[in-house]
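Below you'll find the structure, written out as structure tokens, and then a few comments.
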2 protein chains.
Amino acid sequence: MVKRTSHEFSACPVARPLDAIGDWWSLLIIRDAFEGVTRFGEFQKSLGLAKNILSARLRNLVAHDILELKPCADNSNYNQYVLTEKGRGLFPLLVALRQWGEDYFCTEGEEHVVLVDREKGEPVRRLELRAQDGRLLGPDDTLVSGH
Amino acid sequence: MVKRTSHEFSACPVARPLDAIGDWWSLLIIRDAFEGVTRFGEFQKSLGLAKNILSARLRNLVAHDILELKPCADNSNYNQYVLTEKGRGLFPLLVALRQWGEDYFCTEGEEHVVLVDREKGEPVRRLELRAQDGRLLGPDDTLVSGH
DNA sequence: TCGTTTGGTTTTATGTTGCAACCAAAATTT
DNA sequence: AAATTTTGGTTGCAACATAAAACCAAACGA
């Protein structure tokens with residue numbers, strides 16, 4: 001499914017997730033899953049991608065334990081795709097992507113959806129990287145340090 | 001280069017960034033750029049991808065103002081690819097990806113690189129989404145709210 | 001000045017994607 | 001309960017993207 005390139009076996013914790021997720025479509029599937037979409041047809045309608053591709057992506061996400069396939073609770077015999085704990089761990093990533101998108105693609109007073117705190121209805125804060133002692137860290141304040 | 005699918009024109013601030021970034025390779029290029037890689041050959045050696053693909057990806061990243069092409073400051077006549085402000089805005093996304101990778105792909109006492117605060121040398125804190133009033137927010141505490 | 005490195009482009013074989021048609025099981029309608 | 005529709009896929013095929021290798025010009029180093 002996903003090509004076996006050198007990076008997939010890298011110990012780098014950036015490269016390996018990419019292989020597990022699969023591709024851009026998978027990320028959009030996950031985004032939809034966070035918004036409550038669970039069924040094949042819903043994903044397909046929401047994303048407008050070919051059914052064979054959707055089928056392959058869902059299978060891959062299930063294989064990587066990002067989604068799981070559960071019987072539909074209610075009346076029906078169909079089953080639904082829901083995020084696992086691991087899948088829910090991708091929430092900050094989706095938020096980061098969204099905030100970057102808001103910053104650089106929705107600037108022109110254009111109306112766009114925004115992520116809000118459910119309780120108060122206010123927009124959420126920006127994601128920030130902080131040191132143990134609370135200092136705000138930018139790209140130049142950090143370093144990837146071998147094992 | 002990147003296929004023109006329906007999602008690319010979506011107002012959704014999740015889908016549009018994906019189109020700008022391009023693909024997984026681009027994200028690894030950006031990761032390397034954050035770590036100080038600037039030149040074609042360095043990217044190629046670090047990532048091990050075909051030169052024509054690297055060439056296309058770099059061109060795309062430059063076209064989307066994520067990287068820019070600058071003359072090498074020093075002696076040489078070559079030029080280098082460096083992150084723009086927009087590109088540097090992807091830092092939280094890379095961190096989110098990395099933290100997820102650490103959580104789910106490096107669990108087994110395996111030695112792996114870790115992102116540290118340059119000043120103190122300690123690992124950084126986890127990214128957290130918070131409400132305006134500081135409450136910690138999980139996926140179920142948020143909502144995407146139309147315009 | 002001659003060879004080597006750098007930064008690509010071109011060519012070609014192979015893999016992946018996307019569309020459309022098809023299909024079976026489940027649900028719904030009559 | 002029979003017929004129809006909806007759901008959730010699979011299969012086949014054409015178009016497109018990718019990967020590897022050969023090639024090349026400009027820059028650099030000796």
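Below, chain A is the first sequence line, B the second, and so on; all start at residue 1. Since we're looking at a predicted model, the values are computed, not measured.
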Return the polar atom pairs (N/O with N/O) between nucleotides 1-4 of chain C and the protein under 3.5 Å, or none.
none

Which nucleotide in the set D/dT18, C/dT17, D/dT10 lies at the smallest distance from any side-chain heavy atom of A/N52? D/dT10
Could you please name the option among D/dT18, D/dA19, C/dG18 that lies closest to any side-chain atom of B/D23? D/dT18
Could you state the atom-to-atom distance from [atom1] of [X] to [atom2] of [N] in whole Å?
X: B/Y81; N: C/dG7; atom1: OH; atom2: C1'; value: 8 Å
X: A/Q80; N: D/dT7; atom1: CD; atom2: P; value: 15 Å
X: B/L49; N: C/dG8; atom1: CG; atom2: P; value: 13 Å
X: B/R59; N: C/dG7; atom1: CZ; atom2: P; value: 15 Å
X: B/K70; N: C/dG7; atom1: NZ; atom2: C1'; value: 20 Å
X: A/I53; N: D/dA15; atom1: CD1; atom2: C1'; value: 13 Å
X: B/F43; N: C/dG7; atom1: CZ; atom2: C1'; value: 13 Å
X: A/N60; N: C/dT17; atom1: CG; atom2: P; value: 11 Å

Contact under 4.0 Å: A/W25 side-chain N or O vs C/dT17 OP1/OP2: no
Taking the side chain from B/R31 and the backbone from A/V14, do they hold a donor-acceptor pair closer than 3.5 Å? no
Is the side chain of A/W25 donor-acceptor paired with the backbone N or O of A/L47 at a distance under 3.5 Å, no angle test? no
Rounding to 10 degrees, work out the angle separating the end axes of the helix from C/dT1-D/dA30 to C/dT30-D/dA1 (five pairs an end). 30°
For A/G22 and A/N60, the nearest pair of non-hydrogen atoms, with its separation, is CA-ND2, 4.0 Å
Closest heavy-atom pair, B/F34 versus B/G87, reported as atoms and distance to 0.1 Å, is CZ-O, 3.6 Å
Return each pair, listed once, that meets side chain to side chain donor-acceptor pair (under 3.5 Å) where at least one residue sits in residues 120-131 of chain A; pairs must be two or more places apart or across chains. A/D103-A/R126, A/K120-B/D133, A/E128-A/R130
Partner set under side-chain contact (heavy atoms from CB on, under 4.5 Å) for [X], not counting sequence neighbours:
X: A/A63; value: none
X: B/T38; value: B/E42, B/Q80, B/V82
X: B/D141; value: B/L137
X: A/P92; value: B/A96

Considering residues at least two apart in sequence or located in another chain, which fulfil the side chain to side chain donor-acceptor pair (under 3.5 Å) criterion with A/S46? A/D32
Using a 4.0 Å cut-off on heavy atoms, which residues in residues 34-42 of chain A reach DNA chain D? List them by number, or say none. A/R39, A/F40, A/G41
Treating primed atoms plus P, OP1 and OP2 as sugar-phosphate and everything else as base, which nucleotides of nucleotides 22-30 of chain C get B, S or - for protein heavy atoms under 4.0 Å? ----SS---
Under the salt bridge (charged side-chain N to carboxylate O under 4.0 Å, His left out) rule, collect the residues that match up with B/E35, sequence neighbours excluded. B/R98
Tell me every residue that passes salt bridge (charged side-chain N to carboxylate O under 4.0 Å, His left out) with B/E119, counting only those two or more places apart in sequence or in another chain. A/R135
Could you measure the distance from the NZ atom of A/K70 to the OG1 atom of A/T84? Nearest 0.5 Å is fine. 10.0 Å
Distance-only polar pair, side chains of B/S26 and B/D23, donor-acceptor under 3.5 Å: yes
